[in-house]
Protein chains: 2
Amino acid sequence: MTDTRERILDTAERLFAAHGYSGTSLRAIITEAEVNQAAVHYYFRSKEALLEAVFLRRTEPANQERMEMLERCERAAGGNAPELEDVIEAFVVPAFRAACDPGKGGLVFRELMGRLYAEGDMLPRIVASKFVPMLARFAVALTRALPDVPQDELFWKVHFAMGATAQAFRGKTDWQVFDRARLDNADSELILRRLVAFLSAGMRAPVTAVREREK
Amino acid sequence: MTDTRERILDTAERLFAAHGYSGTSLRAIITEAEVNQAAVHYYFRSKEALLEAVFLRRTEPANQERMEMLERCERAAGGNAPELEDVIEAFVVPAFRAACDPGKGGLVFRELMGRLYAEGDMLPRIVASKFVPMLARFAVALTRALPDVPQDELFWKVHFAMGATAQAFRGKTDWQVFDRARLDNADSELILRRLVAFLSAGMRAPVTAVREREK
DNA sequence: GTCTATAACTTGATAGAC
DNA sequence: GTCTATCAAGTTATAGAC
């Protein structure tokens, strides 16, 4: 069949998401996808290249959309600084939506995205470099939206925000301390709104407002 | 020598932090620690048990401190609801400080903590279960500190907050879009203040305040 | 408690017939 | 493009001498 390649991608996506990169063996993928031993090395030439393919398949279009969304909101602002919420939405919404709707991938890729966001070193820098131009654009927009925040503080806020976003993508916890509400059955648009609200407030929060206290 | 055990723990901590659990082989640990092949299986009985030991060595005391700090701030509040910032600090500060100061572990364990927080499934649930009682206590305190936030919304906010905290622990990014400021050379108390400010604001942010907008 | 040796298995990757 | 067969290396874990 000609969809062998796709079946490998789908299965790899699922297993990488579930067990991580080094936690998933090519043989596990081969077995679950019910393809031939050599197929993986035929279509992709290595395990690493397979991960890249899995990753870029969904990431590249989402990044495209992010840029468009950012440009659109910057144009709408005219010469003024863009609204913080808009910048954050431009970054978060395309990836999140993409990770929700595609008939097949859905939750699975979201899980994988969370893992990759969080680990940061699972992808070789070559792939990460595909993100840098986009991230740089967002860094500028953020700086304009938050002109009073010094750069090194902004760095940390972005850092925290990336972590929160990654977790939003993952949507699973083993700690059943609140009894309910997994990503599986939750309204993803509502989650998005909550995430944007959370991030915006966090980014704006003045650090100096934290009162001094005794240890 | 009698510090063989400790040397294994230290090395394992470092390598798990750098490459993840399945990305680290026992042989790599054995080699770097310069101990004998069989030593790991003698002191710990499996790779998994070794990870648990690495994890609990620093985690158990920190969790103890978290509980104490929470109780202290609840007592200070008398019958009233505890202050949000205090609850967050009680959760974040002990682990973060512990991960900063111990002469040896320092940055390394922080990196590992970030990884484990983010992955969530690297530790077997048996170990995770050691956390549940503490987390449940914090869930109650949070609910009291934020009485107007419905439970399922609170669940998500905690979810986001855990992600941001995990990222704060990791403190490394490959995306050099802001040119500077790594965890390595940053003032950790300042990071803590920033994190607490970020989380508090995010937790308090009313979701309904996010204005409607066209996609 | 420390060591060497090795068992028992899984890994990523390839060669070459069809 | 698909298959089987297999390699070389690396893996966790154990047995048993000292």
Side-chain angles (χ1 to χ4, degrees), chain A residues 1-57 104 108 112 115-116 119 121-128, chain B residues 1-57 112 115-116 119 121-128:
Chain A
M1 326 130 177
T2 168
D3 59 342
T4 291
R5 208 190 119 99
E6 287 264 316
R7 215 160 60 255
I8 293 174
L9 281 173
D10 289 341
T11 312
E13 183 174 64
R14 189 159 45 82
L15 294 184
F16 283 150
H19 312 297
Y21 176 71
S22 32
T24 304
S25 71
L26 283 182
R27 302 176 86 106
I29 295 169
I30 287 160
T31 306
E32 288 231 1
E34 294 178 296
V35 296
N36 193 261
Q37 283 268 16
V40 168
H41 287 89
Y42 176 74
Y43 286 108
F44 317 90
R45 60 168 224 301
S46 71
K47 188 187 180 185
E48 208 175 327
L50 172 60
L51 174 65
E52 290 185 12
V54 165
F55 183 67
L56 290 175
R57 173 168 68 145
K104 276 233 167 170
V108 175
L112 178 61
R115 225 177 241 279
L116 296 178
E119 297 209 4
D121 62 336
M122 244 172 78
L123 274 314
R125 17 231 133 286
I126 303 101
V127 175
Chain B
M1 326 126 180
T2 168
D3 61 340
T4 291
R5 208 190 120 100
E6 288 265 314
R7 215 161 60 255
I8 293 173
L9 280 174
D10 290 341
T11 312
E13 184 174 64
R14 188 158 46 80
L15 294 184
F16 283 150
H19 310 114
Y21 176 71
S22 32
T24 304
S25 70
L26 283 183
R27 302 174 82 105
I29 296 169
I30 287 160
T31 306
E32 288 231 1
E34 295 178 294
V35 296
N36 192 260
Q37 283 268 13
V40 168
H41 287 89
Y42 176 75
Y43 286 108
F44 318 90
R45 61 168 221 302
S46 70
K47 187 187 180 184
E48 209 175 327
L50 172 59
L51 175 65
E52 291 186 11
V54 165
F55 183 65
L56 290 176
R57 174 170 66 147
L112 178 62
R115 224 176 241 278
L116 297 177
E119 296 207 5
D121 62 335
M122 244 172 78
L123 275 313
R125 17 231 130 287
I126 304 101
V127 176

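Lettering follows sequence order; numbering is per chain, from 1.
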Q: Can you name the side chain to side chain contact (heavy atoms under 4.5 Å, CB included) partners of Ala18(B), sequence neighbours left out?
A: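 In terms of side chain to side chain contact (heavy atoms under 4.5 Å, CB included), with neighbours along the sequence ignored, Ala18(B) is linked to no residue.
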Q: Looking at residues at least two apart in the chain, or sitting in another chain, which of them share a side chain to side chain contact (heavy atoms under 4.5 Å, CB included) with Ser22(A)?
A: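 Applying side chain to side chain contact (heavy atoms under 4.5 Å, CB included) to Ser22(A) gives Ser22(B).
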Q: Can you tell me how far CG of Leu15(B) sits from CD1 of Ile30(B), rounded to the nearest 0.5 angstrom?
A: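 Those atoms lie 11.0 Å apart.
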Q: In chain order, what residues pass the side chain to side chain contact (heavy atoms under 4.5 Å, CB included) check against Ser46(B), with sequence neighbours excluded?
A: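 So Ser46(B) forms a side chain to side chain contact (heavy atoms under 4.5 Å, CB included) with Glu48(B), Ala49(B).
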Q: Give each stem of DNA chain D as a range with a range, requiring at least 3 consecutive Watson-Crick or G-U wobble pairs whose two distances are under 3.5 Å.
A: C:1-7 with D:12-18, C:9-18 with D:1-10
Q: Please encode protein proximity along nucleotides 3-18 of chain C as a string of B, S and -, counting only heavy-atom distances under 4.0 Å.
A: BB------BBBBB---
Q: Not counting sequence neighbours, which residues clear ring-ring contact (aromatic ring centres under 6.0 Å, His included) with Phe44(A)? List them please.
A: none
Q: Hey, does the side chain of Tyr43(B) come within less than 4.0 Å of dG1(C)'s phosphate (OP1/OP2), counting only N and O?
A: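 Checking dG1(C) against Tyr43(B), no side-chain N or O comes under 4.0 Å of OP1 or OP2.
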Q: Where is the tightest heavy-atom contact between Thr24(B) and His19(B), given as atom of each residue plus distance?
A: OG1-CB, 3.7 Å
Q: Given atom NE2 of His19(B) and atom C1' of dT11(D), what is their separation to the nearest angstrom?
A: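 Roughly 17 Å, once rounded to whole Å.
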Q: Using modelled atom types only, decide if a donor and an acceptor are shared between the side chain of Lys47(A) and the backbone of Tyr21(A) within a distance under 3.5 Å.
A: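 Such a contact is found between Lys47(A) side chain and Tyr21(A) backbone.
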Q: Could you tell me how far apart Leu15(B) (CG) and dT11(D) (P) are, to the nearest whole angstrom?
A: 12 Å
Q: Compare all side-chain heavy atoms of Thr11(B) with those of Val35(B) and state whether any distance is below 4.5 angstrom.
A: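 Side-chain contact under 4.5 Å: no.
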Q: Specify the separation, in whole Å, of atom OH of Tyr42(B) and atom C1' of dA15(D).
A: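 Atom-to-atom, Tyr42(B) to dA15(D), this comes out as 16 Å.
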